[in-house]
Amino acid sequence: MSTHYTAELLPKEKVFRDPVHDYIHIQYRIIMDLINTPEFQRLRRIKQLGTSSYTFHGAEHSRFNHSLGVYEIARRICDKFVRNYPSKEPGDGLWDDGERLVTLCAALLHDIGHGPFSHTFEKIFDTDHEAITIEIITSPDTEINRILQQIGPDFPNQVAAVIAKTYDNPQVVQLISSQIDADRMDYLLRDAYYSGVTYGNFDLTRILRVIRPYKNGIAFDISGMHAVEDYIVSRYQMYMQIYFHPVSRGMEVVLSHLLKRAKDVYLDEQAEFRHTATFLTPFFKQTWTLKDYLRLDDGVLTTYFNHWLDEKDPILNDLAYRFVNRHPFKSVRYTKGRDDATLERMSALIERMGFNRDYYTAVNNSYDLPYDLYRPYQATTRTQIELVQKNGSFLELSQASSIVSALTGKVRGDERFYFPREITHNDEEAGINLFESLSQEFSTFFENDEILPTQQTGGTL
């Protein structure tokens, strides 16, 4: 069993003014101390939505304010639980407020390991933000760890266990990570607010009213079913309309190829860098340490991208220009298997136009499972959303909601083929096309933003 720790309260509650939650309330000194660490302040310099701000220009918010928001939702849930569902005896399935401190710290620190343009960066340099989050919390070399150690010698490990989903109280784990948790509830509302859209809005007040603990985790009064249903639909819409937006992904492809080219040029003994990329060198060499990782943020990488505008390597120079000045790759949807030969033909045409296919073409797939019920026979299972009926029995959400039932177990998203926008002959933004005949042939392979079946493009390729 986990050990319960207590923490010193601040002499007076502090608040952060927040556009999503109004006030974020800080009552414990440890929370304030964690916020003031270099590791947490670094999150101010990392965008929450990566390249999405190139499509939705307001989406410049940081992982710092998202992390504060997750903390605030977790704090409100703890307050609700201790008021309405306090544990009377061990094992009764109600809320033990001795878990409050580990819950709040895990909520605050759940994203502490994210790097710059995190998901793209991870793919190129083989990093893992969740593993790094746990390392930051448990490493004696971080200020985060030293502050957590002041609470108790095992406290950092408890906080890390919540994030790793190995903590022995499922209520705490599900509050931080489940199909409806403090993390998701904040990022949907926050990302919608800053993106300027309404898709992600749902009735948080109602959800916090009907949420309740039970022995195996968290559940919701059935009277609040429609609020939970609305949350699921909002999440689905945000993924389809914001997170998977093809233009944002087009910028992500440019960024990915830019970092890949920089790594390849650095490792090529015949190549020459005019400018050093000191903070990235350990990642090029795969010799990086946690200290190296914590030096990176969006600003550091953007500075290097500006330096690379003056590099001799024409591909590195060009990709840096495209990213810094927002020239995303264009894309068309395709069907894997059916369109493989067509993609090969299109890639060959792109090479004939003078582009290296390794850096100027890409296939990008983005899929999400809006909701699923617990499937014990699968290797990776999800904790389903439970509704509590008036007689105390449980009902899985999709059994009560026909809307959620329609989304349950169905993966949503698409696969896209990306290429330089200027090669299409009908792209007015690109101006004069130097490869008119090739680009005309290229454009016959797709229509209405989707690759045509093979038989419509002149037979077998």
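- In this structure a side-chain-to-backbone donor-acceptor pair under 3.5 Å is present from Thr37 to Leu34.
- The number of heavy-atom neighbours closer than 6.0 Å to NE2 of His57, taken from other residues, nucleotides and ligands shown, is 12 or below.
- At a cut-off of 3.5 Å, with distance as the only test, a side-chain donor of Gln389 or Ser393 sits close to an acceptor on the other residue.
- Between the side chain of Glu450 and the backbone N or O of Val332, no donor-acceptor pair lies under 3.5 Å.
- Taking all atoms of both residues into account, the shortest heavy-atom contact from Ser195 to Phe56 is O-CD2, 3.8 Å.
- Taking every heavy atom of both residues into account, Tyr54 and Arg326 meet most closely at O-NE, 2.6 Å.
- Within a 6.0 Å radius of CZ in Arg333, more than 12 heavy atoms belonging to other residues, nucleotides or ligands are found.
- Residues Arg190 and Asp18 are paired through a salt bridge, judged by an N-O separation under 4.0 Å between the basic side chain and the carboxylate.
- Residues Asn306 and Thr303 bring no donor and acceptor atom of their side chains to less than 3.5 Å of each other.
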Run Glu72 and Arg75 through salt bridge (charged side-chain N to carboxylate O under 4.0 Å, His left out) and show every step you take.
CA-CA 5 Å; Glu72 175 60 18; Arg75 185 196 66 79; 2.7 Å; yes
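- Counting only heavy atoms from C-beta outward, the side chains of Thr361 and Leu343 never approach each other to under 4.5 Å.
- For Trp95 and Tyr85, the ring centers sit 6.0 Å or farther from each other.
- Taking a 6.0 Å sphere around NZ of Lys14, one finds it holds 12 or fewer heavy atoms contributed by other residues, nucleotides or ligands.
- Within the 3.5 Å criterion, the main-chain N or O of Asn157 finds no donor-acceptor partner in the side chain of Thr138.
- A salt bridge links Arg63 with Asp111: the distance from a Lys NZ or Arg NE/NH1/NH2 to an Asp or Glu carboxylate oxygen falls below 4.0 Å.
- Residues Thr120 and Ser256 are in side-chain contact: their nearest non-hydrogen atoms beyond the backbone lie under 4.5 Å apart.
- Aromatic pair Phe323/Phe117: centroids less than 6.0 angstrom apart.
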For Arg261 and Asp358, what are the C-alpha separation, side-chain angles and deciding distance, and is it a salt bridge (charged side-chain N to carboxylate O under 4.0 Å, His left out)?
CA-CA 9 Å; Arg261 184 61 180 177; Asp358 291 340; over 6 Å; no
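- Without hydrogens or angle criteria, His110 side chain to Ala107 main chain gives a donor-acceptor distance under 3.5 Å.
- Atom CG of Asp414 and atom CE of Met240 lie 8.0 Å apart (nearest 0.5 Å).
- In this structure, Glu422 pairs ionically with Arg322, as a charged nitrogen and a carboxylate oxygen lie closer than 4.0 Å.
- Ring geometry for Tyr231 versus Phe202: interplanar angle over 60°, hence perpendicular rather than tilted (30 to 60°).
- Electrostatic pairing of Arg212 and Asp221 counts as a salt bridge here, judged by a charged N lying under 4.0 Å from a carboxylate O.
- Smallest separation of non-hydrogen atoms from Ile163 and Leu109: CD1-O, 4.1 Å.
- Relative ring orientation between Phe284 and Phe125 is described as tilted, the plane-to-plane angle lying within the 30° to 60° band.
- Panel note: side chain His114, backbone Thr133; no donor-acceptor pair is recorded below 3.5 Å.
- For the ring pair (Phe, Tyr, Trp, His ring centres under 6.0 Å) with Phe419, the qualifying choice from Phe442, Phe329, Tyr360 is Phe442, the only one to do so.
- With rounding to the nearest 0.5 angstrom, the OG atom of Ser67 is 6.5 Å from the CD1 atom of Ile112.
- At a threshold of 4.0 Å, the pair Arg235-Asp368 counts as salt-bridged, since one of the basic side-chain nitrogens sits closer than that to a carboxylate oxygen.
- Ser234 contributes atom OG, which lies 12.5 Å from atom CE of Met185 (distance to the nearest 0.5 angstrom).
- We find that Asp449 and Arg416 are joined by a salt bridge, their nearest charged nitrogen and carboxylate oxygen being less than 4.0 Å apart.
- In the displayed structure, Tyr321 atom OH is contacted under 6.0 Å by at most 12 heavy atoms of other residues, nucleotides or ligands.
- Between His25 and Tyr23, the ring planes are perpendicular. Angles over 60° get that label, and only those under 30° would be called parallel.
- Panel note: side chain Glu122, backbone His129; a donor-acceptor pair is recorded below 3.5 Å.
- When atom types are taken as modelled, the side chain of Glu39 and the backbone of Glu143 share a donor-acceptor pair closer than 3.5 angstrom.
- The closest donor-acceptor contact from the side chain of Arg357 to the backbone of Ile350 lies at 3.5 Å or more, if one exists at all.
- Taking a 6.0 Å sphere around CZ of Phe244, one finds it holds more than 12 heavy atoms contributed by other residues, nucleotides or ligands.
- Residues Asp372 and Lys410 are not paired through a salt bridge, judged by the lack of any N-O separation under 4.0 Å between the basic side chain and the carboxylate.
- The backbone N or O of Glu89 sits less than 3.5 Å from a side-chain atom of Asp92, completing a donor-acceptor pair.
- The CD1 atom of Ile35 lies 6.0 Å from the CZ atom of Phe64; values are rounded to the nearest 0.5 Å.
- The heavy-atom pair separating Thr103 from Ala74 by the smallest distance is CG2-CB, 4.3 Å.
- Between Tyr243 and Tyr239, the ring-plane angle classifies as perpendicular under the 30° and 60° cut-offs.
- Of all heavy-atom pairs between Ser177 and Lys165, the closest is OG-CE, 2.8 Å.
- Partner of Ser366 under the side-chain hydrogen bond (donor to acceptor under 3.5 Å, both in side chains) criterion, out of Arg249, Glu415, Glu252: Arg249 alone.
- In this structure, Tyr371 has its ring center at least 6.0 angstrom away from the ring center of Tyr236.
- Asp297 pairs in a salt bridge (charged side-chain N to carboxylate O under 4.0 Å, His left out) with only one of the listed residues (Lys47, Arg45, Arg42, Arg44), which is Arg45.
- Considering Phe220, Phe81, Phe394 in turn, Phe394 is the only one that fulfils the ring pair (Phe, Tyr, Trp, His ring centres under 6.0 Å) rule with Tyr214.
- Inter-residue side-chain proximity for Cys105 and Tyr28 is flagged as unmet; no heavy-atom pair is nearer than 4.5 Å.
- Remark: Arg295 CZ is loosely packed, at most 12 non-hydrogen atoms of other residues, nucleotides or ligands lying under 6.0 Å away.
- Side-chain contact check for Ser248 and Thr55: at least one donor-acceptor pair (N or O, by modelled atom type) lies under 3.5 Å.
- When all heavy atoms of Leu204 and His21 are compared, the pair lying nearest together is CD2-CE1, 3.9 Å.
- Under a 3.5 Å cut-off, the side chain of Glu386 and the backbone N or O of Ile218 do not form any donor-acceptor pair.
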